[in-house]
Amino acid sequence: MIATKPAVPAGVPASAWERIAKREGDVWMIAERDATGEVVGVAVRDANGGKTCKPGGKRGLILAWPLDTYAGTSADDPVFVCEGASDTGALLGLGLDAVGVPMAGHCGDWLAELLADRHAGIVADADDPGRSGAVKLVAELLPRCKSVRVIEPPEGAKDARAAVIAGAIRADFLALVERAEPEVIESEPQSPVLAWRSFPIGALPEPIRAFVEDSAKAIGCDPSYVALPLLSALAAAIGNTHRIALKRRWTEPAIVWTAIVGESGTAKSPALELALRPIRKRQHDAMREHADAMKQYADRLAMHERDAAQWKRSKSDTPPPTKPEAPIADRCWTDDVTTEALAALLQQNPRGLLMVRDELAAWFAFDAYKASKGGDVAKWLEMFGGRPMVVDRKSGGTLYVPRAAVSIAGGIQPETLRRALGQEHRDNGLAARLLFAMPPRSPKRWTEADVSEATEAAVAAVFDRLFVLTPETDDDGDERPRLLTLADDGKRAWVAFYNEHAIEQAELSGDEAAAWSKLEGYAARLALVVHLTRYAAGDPTLGDVGRVDAASVDAGVVLARWFGDEARRVYAILSESDDERKTRRLLELVQRKGGDVSGRELVQSSRAFRRVPDAEAALSKLVEAGVGSWVKPEQRGRGGPKARRFVLSPVYGVNVYRNPAGDTEKANPVDVDGVDTPPDSGIGWGEL
């Protein structure tokens, strides 16, 4: 039964309690405030200790008045931070400056503003939530406060008020603060460049994996240069036929935007051409069929015009002859970046398209010839989501596409990307939607390696089977994507990734946070692409094709994580200073040399260093940055002492094997004949 006069909490003097709470009838009203003292919400506490919040507000700090009482001028006499109104009142009752947070770890931003340039002592509740909340507050307070110390209540009590009830006094809390070590911002040594990680080819299903490996060896490029446009092409082949359903209201389409970044001469164009060969071959065949159809159409049109003329002369009451419809070309790719042209193509090809640009700089030139800016970017953002798109033309009426799906594959040079990827593209999220690969440059070397006919045929067959996939029809007769749900093991894999990814994203800001927000959906999109590619390749380990299993989800997660690391690395390169660029290029040169080099070898390899001392000084800076170390080779036999060598740390690619002198490069064999090829199952390929 609720008392008519609410009691002051035990351990809290009435005078202190009334500095933060106001009695109204049979309840206490506790104002919760922002850093300036403005009320943002009200907590209600009844006589039995029940706690509620008034609707319409939000949680805030529990403050005593006036605000200038929060001095915190000394580390020995700090402002105490505790959890809840009762603890705040108990500490105020001891004559300590105290501020309360509504729950462990909450309101750190306002707290940091309130305690800027002051000393803080966090009293953590003696339980796991209290300790983890204190850690979170430390991270937010350290950049603003002069000092931050964390203590737990004395007397073995659970919280500050329990300690006061057990007999703790002001001196006890001050003594704990005095003995506590001040928290510090732990900063790891920053290397001049983020390490390049090889593309995770193992996440690709066969025969795509073998094709990427063989193509990279044949061209002499990094495997990522082949893998990225190939992922976009596979996504475009699936198009609007299928989506992955993570929840009833959360689905992701098979739309992938990739950009391979490299200087001129790094084999971007050959890699694009080889990766997109199945798409281009399909388009070539379709355009040839369209040309034949147009010839037949011309004959039918001529006959129609003859019949129409005869009908007109006859003045017959019968309906006029029906004019034949012009055939529509089956399109699977385009290089036109204008949204109006794309909308027209998408109307005729509702499955979706692949936009291919050997040089993506033209794509970034949005609205270049328009008086009003921003329209094209908005349309592209709609196409990334496979959402409806409307284009109002000055002549020719309105174009409407129910599901505008366009994947992108292209290449671009680093300096061009630096100029093209402006702040506006980072702010509107366009940059975060692009998956990059920018491998360190390496010298090409002649090789007899090539892509076998068997591998190319197997990949072409995968594309043929993906292009046979069909959407479903709803009750109104409209086409819509088929939804693939998560299998039980796929759901477990997805939830584990989602939760871990969310924690990572919460710790990021700026461009990295934007990229991480899109990688969440990309993991699902890539899982969808992998899953249907496995289906088209006849993977015998695939169970229910209508449910995405853990193997496909894990592959999508591995790929998404790699793209996240590479985005972080590319953003760092795009914003590097001249000195940082020199350091990165030196590191990449050492990588090309096999991971270890002497000062003399560096002089012989680069015109940037004329003397051995200059080269060794530059290498010593890499040692100071923590990316490598000096090693003194073992001295054997007679002769002068061998020169010391700089060796990269393992994460940067220390050379672990060198071909013996005179040995020629040998390509690793890939058994593509062992790749399972599914039997021709006729129309079954079009229905899942």
Side-chain angles (χ1 to χ4, degrees), residues 225-241 253-261 268-269 271-284 286-287 328-369 375-389 391 399 401-413 416-417 420-421 425 428-437 463 466-467 518 522 525-526 529 563:
Y225 274 6
V226 182
L228 267 67
L230 195 51
L231 285 170
S232 294
L234 290 167
I238 297 167
N240 272 325
T241 66
I255 298 174
V256 175
W257 291 3
T258 60
I260 53 177
V261 187
K268 298 191 305 298
S269 296
L272 272 168
E273 186 62 33
L274 191 53
L276 303 180
R277 187 173 292 177
I279 289 277
R280 294 191 187 277
K281 174 65 166 59
R282 181 179 182 84
Q283 189 66 76
H284 173 79
M287 296 308 291
I328 296 175
D330 182 14
R331 297 292 298 274
C332 56
W333 74 271
T334 181
D335 59 2
D336 199 327
V337 300
T338 61
T339 54
E340 186 171 316
L342 278 170
L345 285 173
L346 289 170
Q347 268 196 334
Q348 298 174 346
N349 300 271
R351 184 189 200 94
L353 293 167
L354 174 68
M355 196 273 284
V356 181
R357 295 293 301 192
D358 192 56
E359 180 52 66
L360 278 172
W363 179 64
F364 280 107
F366 298 108
D367 305 307
Y369 305 104
D376 278 354
V377 174
K379 300 300 182 188
W380 277 104
L381 297 181
E382 291 168 358
M383 287 183 272
F384 178 81
R387 294 191 292 271
M389 182 171 71
V391 176
L399 297 173
V401 183
R403 293 181 181 86
V406 179
S407 288
I408 297 175
I412 194 166
Q413 296 189 33
T416 306
L417 179 62
L421 199 61
H425 301 324
N428 60 31
L430 189 83
R433 288 165 167 82
L434 277 166
L435 302 179
F436 294 105
F463 274 93
L466 290 177
F467 274 111
K518 300 308 173 190
Y522 256 131
R525 295 184 182 203
L526 294 168
V529 171
F563 281 118

For [X], all residues meeting side-chain hydrogen bond (donor to acceptor under 3.5 Å, both in side chains), sequence neighbours excluded:
X	result
Q347	none
R433	none
T416	none
R403	none

- Task: List for me each residue that meets side-chain contact (heavy atoms from CB on, under 4.5 Å) alongside A431, sequence neighbours excluded, and say none if there are none.
- Result: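 With sequence neighbours excluded, A431 shows a side-chain contact (heavy atoms from CB on, under 4.5 Å) to L421, R426, Y571, given in chain and number order.
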- Query: Listed by chain and number, what are the side-chain contact (heavy atoms from CB on, under 4.5 Å) partners of A275, not counting sequence neighbours?
  - Reply: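 In terms of side-chain contact (heavy atoms from CB on, under 4.5 Å), with neighbours along the sequence ignored, A275 is linked to V226, P229, L230.
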So which heavy atom on [X] is nearest to which on [Y], and how close?
X	Y	answer
A420	H425	O-CD2, 3.1 Å
A404	M389	CB-CB, 3.9 Å
G411	L272	N-CD1, 3.9 Å
A343	V391	CB-CG2, 3.7 Å
S407	A236	OG-N, 4.0 Å

- Task: Using the side-chain contact (heavy atoms from CB on, under 4.5 Å) rule, pick out the option among V401, L354, L346, I255 that qualifies with V406.
- Result: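 Among the candidates, only L346 passes.
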- Task: Scan D358, V261, L434 and name whichever one has a side-chain contact (heavy atoms from CB on, under 4.5 Å) with I412.
- Result: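 The single option meeting the side-chain contact (heavy atoms from CB on, under 4.5 Å) with I412 is V261.
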- Query: Got a sec, which pairs hit side-chain hydrogen bond (donor to acceptor under 3.5 Å, both in side chains) with one end in residues 226-241, sequence neighbours left out?
  - Reply: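 Non-adjacent pairs meeting side-chain hydrogen bond (donor to acceptor under 3.5 Å, both in side chains): S232-T258.
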What distance do [X] atom [atom1] and [Y] atom [atom2] have between them, rounded to the nearest 0.5 Å?
X	Y	atom1	atom2	result
T339	D376	OG1	CG	4.0 Å
H284	I279	NE2	CD1	15.0 Å
L435	K518	CG	NZ	12.0 Å

Could you check whether any side-chain heavy atom of [X] comes within less than 4.5 Å of a side-chain heavy atom of [Y], counting everything from C-beta outward?
X	Y	answer
P388	E382	no
N428	W380	no
L228	F563	yes
W363	I408	yes

- Set of salt bridge (charged side-chain N to carboxylate O under 4.0 Å, His left out) partners for R277, sequence neighbours left out: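 Only E456 meet the salt bridge (charged side-chain N to carboxylate O under 4.0 Å, His left out) criterion with R277.
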- Item | Those residues that, when tested against R280, pass salt bridge (charged side-chain N to carboxylate O under 4.0 Å, His left out) (two or more places apart) |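 R280 satisfies salt bridge (charged side-chain N to carboxylate O under 4.0 Å, His left out) with E273 once adjacent residues are dropped.
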- salt bridge (charged side-chain N to carboxylate O under 4.0 Å, His left out): which pairs involve residues 332-343, sequence neighbours left out?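 Salt bridge (charged side-chain N to carboxylate O under 4.0 Å, His left out) check on residues 332-343 returns no pairs.
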- Does the R331 side chain pair with the main chain of Q283, one donor and one acceptor, at a distance under 3.5 Å?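 Pair absent, no side-chain N/O of R331 close to backbone of Q283.
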- Message: With a 3.5 Å distance limit and no angle check, can you tell me whether R351 reaches the backbone of C332 through a side-chain donor-acceptor pair?
- Response: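 The answer is no, because no donor-acceptor pair under 3.5 Å joins these two groups.
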- Task: Output all residues satisfying ring-ring contact (aromatic ring centres under 6.0 Å, His included) with F384, sequence neighbours left out; order by chain, then residue number.
- Result: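 Residues passing ring-ring contact (aromatic ring centres under 6.0 Å, His included) with F384: W257, Y522.
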- Query: Does F436 have any ring-ring contact (aromatic ring centres under 6.0 Å, His included) partners at least two apart in sequence or in another chain, and if so, which?
  - Reply: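 Per chain and number, F436 pairs via ring-ring contact (aromatic ring centres under 6.0 Å, His included) with no residue.
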- Query: Do R282's NZ or CZ and the ring of F463 fall within the cation-pi criteria of under 6.0 Å and 45°?
  - Reply: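 That pair does not qualify as a cation-pi contact.
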- Derivation and outcome, side chain to side chain contact (heavy atoms under 4.5 Å, CB included), residues D330 and F467: CA-CA 12 Å; D330 182 14; F467 274 111; over 6 Å; no
